[in-house]
2 protein chains.
Amino acid sequence: MRPKSLEKEEAIRSVALQIIAAEGLENLSMQKLAKAANISPRTIYLKYENKEDFLVKLFIDEVLGAYEAAVLLNFSEDMEFAEGVKLIWKNTFQYFKNNQHAFSLMQYGKSSPLLNNAYREKNIQEGQYFSPIRLFLKSHVRAGLIPKLPNQALRAMLFAPLFDLVNEYFEHTDRPKQVITAKVLTECCEAVIKGMIK
Amino acid sequence: MRPKSLEKEEAIRSVALQIIAAEGLENLSMQKLAKAANISPRTIYLKYENKEDFLVKLFIDEVLGAYEAAVLLNFSEDMEFAEGVKLIWKNTFQYFKNNQHAFSLMQYGKSSPLLNNAYREKNIQEGQYFSPIRLFLKSHVRAGLIPKLPNQALRAMLFAPLFDLVNEYFEHTDRPKQVITAKVLTECCEAVIKGMIK
DNA sequence: ACAAAGTAAGTAAATGTTCATTTACTTACC
DNA sequence: GGTAAGTAAATGAACATTTACTTACTTTGT
């Protein structure tokens with residue numbers, strides 16, 4: 001029996017992320033993807049049911065899953081508050097810096113209804129998606145260190161600015177001067193922490 | 001000479017925003033739009049050069065422009081810091097609460113290369129896009145009230161969480177209980193302000 | 001009467017997806 | 001150790017449909 005080529009699977013996914021980053025999700029077609037990945041269109045359908053199935057799996061596995069793994073590196077839910085937040089900032093920035101294409105599709109997760117639903121379903125089904133962070137926040141709320149707010153509100157406060165900063169970082173990669181420096185990131189992270197602590 | 005019908009123009013734009021919000025930008029086609037707006041496809045092309053031209057104008061006029069006008073209502077660049085930030089939060093939330101469809105396309109502005117470029121170009125060309133807010137921030141940096149950070153970083157810190165909260169608000173409109181209440185918004189806004197002030 | 005606004009029906013090209021077939025590898029026998 | 005059968009992987013050409021956009025005509029308001 002002829003074995004499955006992992007390269008092809010890999011190529012499909014990475015080329016798809018490239019196209020999405022360069023031309024947008026709305027300009028990714030299955031035929032264009034196949035041509036760019038040097039495979040037959042049919043091959044994609046051996047691995048995925050249809051375009052929707054492909055996009056959702058790409059988003060969940062390659063973007064959400066990989067990001068979750070990266071962001072939780074060395075993280076523990078019983079870390080000190082400032083320490084934990086700083087680590088998440090550091091991990092997030094480092095990960096996306098090295099995976100710009102994943103970041104592009106991540107952004108689409110907030111726009112596209114398809115991906116948005118996929119995210120919500122994963123969140124509901126698995127229940128424990130990003131659960132270490134949720135528990136981390138919960139325990140610091142209980143301890144009275146940070147205000148009692150809905151989990152999503154806490155996450156918005158702590159991490160939404162970071163995503164905008166990463167976005168801004170990428171907008172400056174092809175310009176003379178990078179404005180999102182390590183110092184800026186540190187200062188921003190500290191401001192966010194200061195704002196949260198009661 | 002027969003005058004252009006403003007209703008049709010209006011219908012095209014509002015129906016487009018609806019489709020984008022419901023099915024995503026990647027699922028908006030000119031034919032679908034024409035059918036949904038009860039006009040001939042050709043009519044769209046009487047008003048816009050092509051699809052790209054249409055999308056960019058929709059984004060710039062209907063989303064960015066309208067949002068700018070709404071957010072700057074009663075705003076003045078020489079407001080007190082906390083007062084100014086709170087007003088922007090209030091205006092932003094109010095506007096999007098009443099214009100959910102515009103919010104959807106706004107989110108695409110951060111993903112889609114097409115819209116992203118359009119935004120950047122408008123920002124560069126007009127130079128003074130959202131300029132009252134820029135001047136407002138600049139003056140408070142000068143006064144030493146908030147740290148000297150790049151404009152985009154300041155904006156990320158102050159407003160990125162707000163957009164996530166609006167998004168979260170919409171995710172709860174069809175659920176039993178709204179978690180993003182006025183109280184939550186106020187608390188978040190105050191935390192953001194506290195974090196920024198040196 | 002005129003000229004622009006608007007339309008229905010069309011175009012070629014591109015879309016998502018499938019068919020019938022070929023390729024490349026494993027395995028079992030001589 | 002060579003080889004041929006067996007099998008899943010992979011393919012290129014095709015499918016019906018949809019795409020962005022036009023053509024040729026009708027309607028409308030002055």
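To find a chain, count down the sequence lines: A is the first, B the second, and so on, and within it residues start at 1. All values derive from a computational prediction rather than experimental measurement.
Judged by the 6.0 Å and 45° rule, B:Arg155 forms a cation-pi pair with B:Phe130.
The side chain of B:Lys47 places no N or O atom within less than 4.0 Å of a non-bridging phosphate oxygen (OP1 or OP2) of C:dA5. Taking 4.0 angstrom as the limit, A:Ser29 places a side-chain polar atom (N or O) nearer than this to OP1 or OP2 of C:dT15. Considering only side-chain N and O atoms, A:Lys8 lies under 4.0 angstrom from the phosphate OP1 or OP2 of D:dT11.
The base of C:dG6 has none of its N or O atoms less than 3.5 Å from a complementary donor or acceptor on the side chain of B:Thr43.
Summarising the geometry, atom NE2 belonging to B:His172 is positioned 6.5 Å from atom CD belonging to B:Gln178; distances are rounded to the nearest 0.5 Å. Separation of atoms CG (B:Leu17) and OG (B:Ser104) is listed at 8.5 Å; rounding is to 0.5 Å.
Rounded to an integer number of Å, the gap from CG of A:Asn27 to P of C:dT15 is 9 Å. Summarising the geometry, the separation between CG on A:Leu46 and P on C:dT17 is reported as 14 Å, rounded to the nearest angstrom. Counting to the nearest Å, the C1' atom of D:dC15 and the OH atom of A:Tyr45 are 13 Å from each other. When the P atom of C:dG16 is taken as reference, atom CG of A:Asn50 falls 11 Å away, rounded to whole Å. Between B:Gln31 atom CD and C:dT15 atom C1' there is a gap of 12 Å when expressed in whole angstrom units. Following rounding to the nearest Å, A:Glu26 (CD) and C:dA14 (P) show an atom-to-atom distance of 18 Å. Computed from coordinates, the A:Tyr48 OH to C:dG16 C1' distance equals 17 Å when rounded to whole Å. Between A:Phe54 atom CZ and C:dT15 atom C1' there is a gap of 16 Å when expressed in whole angstrom units.
Checking B:Tyr67, B:Tyr95, B:Phe96 one by one against B:Phe103, the ring pair (Phe, Tyr, Trp, His ring centres under 6.0 Å) holds for a single residue, B:Phe96.
Ring orientation note: the planes of A:Phe136 and A:Phe81 are close to parallel, at an angle under 30° on the 30°/60° scale.
Nearer to the 5' terminus of DNA chain C, by closest-nucleotide assignment, is the contact made by B:Arg42 (compared with the other of A:Pro41 and B:Arg42).
Residue-level contact check: A:Ile44 touches neither bases nor backbone, having no heavy atom under 4.0 Å from any strand. Within 4.0 Å (heavy atoms only), B:Leu33 reaches no atom of the nucleic acid at all.
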